Engineer: 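Quick one: the structure is below, and I'll ask about it shortly.
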Amino acid sequence: MKRGQAIVVVAILLMVVLLLLAVAVDVGRLFVARARLQRAAQAAADAGIGIVADRMVTLAIPRLTEGAARAACVPDAGYGTPGASCTATPSPRRAEQWLTDADRSELVAPAVQTQAAAEALAYARRNGLVTAIVVGYPDGYLPQGPTIKMRVSIRAEMDLLFSGLLGGDELHLEVEALSEIRQR
């Protein structure tokens, strides 16, 4: 191989190596940004459903207190009555078991929706990359269903080092997170 040819081959290989390095850096940055957005979306959904959990406990406390003040149930009242039974008492560790249907409808009322969505939005905005946030609460709510769900979608745009060759300036990332709490 002549001396001039080696310089051309090295120059071409150098360009290929730099191109591969740019792609590797962009892919790495993409994975890091996506993971960061996913964590932000999950934190937002968890914060919003935390507001619902607080409200749930607030609604259950009066019934829980009343239940604790009641005397223990004696199935036959001490008289040997056949077929007598006690009403099952919900577990004090499970606030959702103490809720009434009216309480459950209050958990998805507009006032709680607004408060939960505001909390989710506040958490999601703490991430600097975020360009759009969508909060869905209650997400797919069924009054007789077992859970209440909050869905948070976050959209962000990321600049790529290699973007000029791809024909675009930015890459659009969108992630979604779901958080839920038992209602029954």
Side-chain angles (χ1 to χ4, degrees), residues 18-62 64 91-184:
L18 289 175
L19 184 68
L20 291 174
L21 183 62
V23 169
V25 168
D26 279 346
V27 168
R29 288 179 64 226
L30 176 68
F31 279 114
V32 168
R34 185 166 177 75
R36 182 177 174 193
L37 281 178
Q38 188 65 51
R39 285 190 307 272
Q42 191 62 54
D46 291 346
I49 211 72
I51 296 294
V52 177
D54 287 347
R55 185 69 188 140
M56 182 182 287
V57 169
T58 302
L59 291 169
I61 283 177
L64 222 156
S91 168
R93 296 181 186 158
R94 306 277 307 264
E96 73 274 4
Q97 292 178 350
W98 291 86
L99 298 177
T100 64
D101 286 340
D103 293 338
R104 288 182 184 89
S105 65
E106 186 176 329
L107 291 174
V108 294
V112 178
Q113 287 180 15
T114 302
Q115 190 179 8
E119 187 74 7
L121 288 170
Y123 267 75
R125 285 190 180 122
R126 290 182 183 168
N127 186 318
L129 295 174
V130 174
T131 57
I133 306 163
V134 176
V135 176
Y137 175 77
D139 184 57
Y141 179 68
L142 298 171
Q144 299 303 318
T147 61
I148 300 173
K149 300 174 188 174
M150 174 175 274
R151 185 176 308 273
V152 175
S153 299
I154 296 180
R155 183 174 179 187
E157 294 170 2
M158 181 180 152
D159 291 329
L160 296 175
L161 300 174
F162 192 55
S163 65
L165 297 175
L166 294 175
D169 293 338
E170 297 175 335
L171 181 67
H172 302 286
L173 297 174
E174 190 164 336
V175 296
E176 193 172 89
L178 181 70
S179 191
E180 61 186 14
I181 188 168
R182 293 188 58 79
Q183 72 164 346
R184 297 207 178 268

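Just so it is clear, the structure is predicted and the values come from calculations on it, not from any experiment. Both backbone and side-chain heavy atoms feed into the values below; hydrogens, waters and symmetry mates do not.
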Engineer: Taking all non-hydrogen atoms of both residues into account, name the closest pair between Gln113 and Val108 and its distance.
Structural biologist: NE2-O, 2.6 Å

Engineer: Closest heavy-atom contact between Ser179 and Ile49?
Structural biologist: OG-CG2, 3.2 Å

Engineer: Compare every heavy atom of Ala95 with every heavy atom of Met56, then report the nearest pair and how far apart it is.
Structural biologist: CG-CB, 4.5 Å

Engineer: NZ/Lys149 to CD1/Ile181 distance, rounded to the nearest 0.5 angstrom?
Structural biologist: 13.5 Å

Engineer: Measure the spacing between CD of Glu176 and CG of Asp139 and express it to the nearest 0.5 Å.
Structural biologist: 8.0 Å

Engineer: I'd like to know if the side chain of Arg182 pairs up with that of Gln97 as donor and acceptor (distance under 3.5 Å, no hydrogens or angles considered).
Structural biologist: no

Engineer: Taking all non-hydrogen atoms of both residues into account, name the closest pair between Met150 and Tyr137 and its distance.
Structural biologist: CE-CB, 3.5 Å

Engineer: Rounded to the nearest 0.5 Å, how far does OG of Ser153 lie from CG of Leu37?
Structural biologist: 11.5 Å

Engineer: Indicate yes or no for a side-chain donor-acceptor contact from Arg55 to the backbone of Gly50 under 3.5 Å, with no hydrogens or angles considered.
Structural biologist: no

Engineer: Roughly how far, to the nearest 0.5 Å, is the CG atom of Leu171 from the CG atom of Leu30?
Structural biologist: 5.5 Å

Engineer: Has the side chain of Asp46 got a donor or acceptor atom that lies under 3.5 Å from a matching backbone atom of Ala43?
Structural biologist: no

Engineer: Within a radius of less than 6.0 Å around CD of Glu106, do more than 12 heavy atoms belonging to other residues, nucleotides or ligands occur?
Structural biologist: yes

Engineer: Please give me the minimum heavy-atom distance between Ile133 and Ala124, naming the atom from each residue.
Structural biologist: CD1-CB, 3.6 Å

Engineer: If you measure from CD1 on Ile154 to CG on Leu173, what distance do you get to the nearest 0.5 Å?
Structural biologist: 11.0 Å

Engineer: Minimum heavy-atom separation for Arg184 and Arg94, please, with both atom names.
Structural biologist: O-NH2, 4.4 Å

Engineer: Has the side chain of Arg126 got a donor or acceptor atom that lies under 3.5 Å from a matching backbone atom of Ala40?
Structural biologist: no

Engineer: Could you grab the distance from atom CG of Leu59 to atom CZ of Arg104, nearest 0.5 Å is fine?
Structural biologist: 10.5 Å

